[in-house]
Amino acid sequence: MRSARKVRRSVLESKDSSQRVAARLLEFFSARTAWFRGLWEVGTVLSLRELLEAVEAVPAGVLSDKAVEWLANELSRTLGPDEGIAPQSRSLLQRLLCSPLRPRSGELPAVHRLTEEMDASYLARWARQLALGIPVKPERVARAVASHLLDAGFSPDFLHRWLTYRLVHSTQIYQLSELLEEAHALARTPPSFFQVLLTVHNALGLKGPPPREWCDAPSASEWLLANGFDATHVRQGGGWLLTVHARDAFSAAERAAETVEKLAARLLIGTGHPMRHGEHAYVKGIQQPLPLRRHRRVEVRSLERQDQLFASGAPSRVDAAFELLGQLDAPAVVAVAAGWAAIEALLVAPEDGQKAPAGDRLASLVACSFPRAELTLLASLQSKSSASPLQEQLLKCASNHERASRMLEAIRQAQSLPWEEPFWSHQAAVARMEGLLKDPRKRLKDVEGYAVRAFRRLYRQRNLVLHGGQTNAVALRASLRTAAPLIGAGIDRIAHAWFRHGVQPLELAVKARHRLELLEPKEPLAILDLLE
């Protein structure tokens with residue numbers, strides 16, 4: 001890939017850590033990144049805003065005091081290594097988070113003020129720290145920067161293009177600190193108003209006058225032509241011309257699609273008439289139509305591998321979960337409810353007093369799945385790289401397990417690993433595997449912790465939607481961005497164990513928890529068989 005080749009020349013050519021930050025940012029913004037290389041968390045600023053919202057939801061019984069206390073404690077713990085926060089603000093925030101937070105309490109306005117101050121300077125502080133040469137972990141930098149920009153409302157497609165331009169096409173040679181300064185300027189740019197046309201396949205068919213945002217078919221064609229779009233092959237029966245307040249054109253298209261889907265739901269229940277929008281959004285000032293492909297949030301490949309895509313027979317709890325998972329690609333309000341329902345259907349035990357442990361159990365499955373998934377990809381990529389003794393050995397392996405095992409052994413022995421482009425991403429993955437080999441229990445517990453936070457956030461959002469009627473909660477979209485791929489990864493393992501060996505989901509989750517607790521560095525190959 002051209003972008004990866006250019007990364008070597010454009011970002012701090014002498015520092016491997018900067019190359020890894022740039023490569024990881026591109027991975028985090030790409031729609032094709034596998035779940036085990038994705039971004040599993042939200043940023044500090046959004047986490048604090050979520051906490052403030054959660055505190056206000058307690059008096060109505062939407063969230064519990066324990067849920068808010070857990071969130072505050074997690075936030076206090078993660079503030080420590082965050083270089084985007086001034087030391088004085090960090091200390092004050094940690095003290096405030098350790099006190100009981102209640103609506104109308106004196107601590108809440110202070111947390112709100114510190115959050116807004118942090119938001120105003122977050123990426124600029126990271127840039128200054130890097131410019132001073134303060135040692136930082138590349139993975140930590142990339143996760144902090146990517147989550148902050150995505151939480152601010154930018155589309156991943158836009159951010160990928162924005163970053164690719166600077167790494168590939170710009171004549172400027174960036175240092176990483178300069179790149180973050182530009183990211184800071186981008187984050188501080190206020191949202192803009194975009195005019196977006198979404199065509200629909202059928203006319204509304206209303207008896208009364210249509211809404212003012214509605215365009216009939218001739219008016220929609222006229223607008224397309226007036227704004228430089230080729231309307232010749234656009235099949236439409238009209239469209240919605242909406243003014244959307246968004247960070248970028250891609251986000252504007254997504255928000256417009258969400259609005260039309262809400263209108264379609266109202267039309268269906270009010271008149272019985274379905275309405276489906278077209279496959280593209282037309283944004284005024286943008287030369288090309290933007291595809292309305294909502295990134296697939298969840299995949300369970302075991303259905304195909306175990307030949308269960310169209311299997312018939314007595315339905316099980318696992319089959320019911322698949323029906324719910326299918327709604328994870330629906331609009332956010334539906335998706336959070338269905339996503340949590342799928343987890344609950346599989347992993348709630350009879351003795352559970354609350355439902356959150358179901359997400360914790362799924363987190364253990366995700367952590368156990370991580371090493372095998374990453375090593376399988378690395379082995380596949382190494383098999384396609386330039387000729388080497390390792391490549392020959394990998395090509396002779398009879399199974400993915402053998403290839404992953406051989407790849408793990410090569411990493412453990414620090415063998416030279418030639419890579420095709422984009423090699424910085426793969427080198428970053430190898431570095432993560434090296435750290436995992438040194439202390440497998442700690443590193444996989446870290447992965448489990450990311451997943452626990454993602455699933456508990458999904459549970460809180462589900463409660464806000466179903467019990468509080470909040471359809472615009474601050475972390476609603478972010479909870480799906482972080483949790484949905486992990487749900488797919490965990491339930492993929494459940495499906496594999498169920499269809500191949502008849503293992504019940506709760507039984508598999510208990511095994512995963514015990515295997516994580518018993519991991520030892522002296523048995524590195526054990527990380528490949530945690531769920532076997």
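Along the sequence shown, the residues carry numbers beginning at 1.
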Which is it for E213 and T243 under the side chain to side chain donor-acceptor pair (under 3.5 Å) test, yes or no, and what are the steps along the way?
-> CA-CA 9 Å; E213 296 90 354; T243 299; over 6 Å; no
[X] and [Y] ion-paired at < 4.0 Å:
X	Y	result
R113	E117	yes
R49	D119	yes
R143	D82	no
R453	E41	no

Does W35 have any ring pair (Phe, Tyr, Trp, His ring centres under 6.0 Å) partners at least two apart in sequence or in another chain, and if so, which?
->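 If we apply the ring pair (Phe, Tyr, Trp, His ring centres under 6.0 Å) test to W35, skipping adjacent residues, there are no hits.
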Parallel, tilted or perpendicular: which describes the rings of W223 and F229, with under 30° parallel and over 60° perpendicular?
->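 W223 and F229: parallel rings.
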Indicate the ring-plane relationship of F154 and F158, choosing parallel, tilted or perpendicular according to the 30° and 60° boundaries.
-> parallel
Face-on cation placement of R460 at W340 ring, 6.0 Å and 45° thresholds =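 Judged by the rule (NZ or CZ under 6.0 Å from the ring centre, within 45° of its axis), R460 is not positioned above W340.
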Cation-pi geometry met for R432 and F36 (6.0 Å, 45°) | no
Y282 to H280 - nearest heavy-atom pair and separation = CE1-O, 3.9 Å
Can you tell me which residue pairs pass the salt bridge (charged side-chain N to carboxylate O under 4.0 Å, His left out) test with a partner in residues 218-235, sequence neighbours excluded?
-> none
When R166 is tested against each of Q172, E178, E182 for side chain to side chain donor-acceptor pair (under 3.5 Å), which residue passes?
-> E182
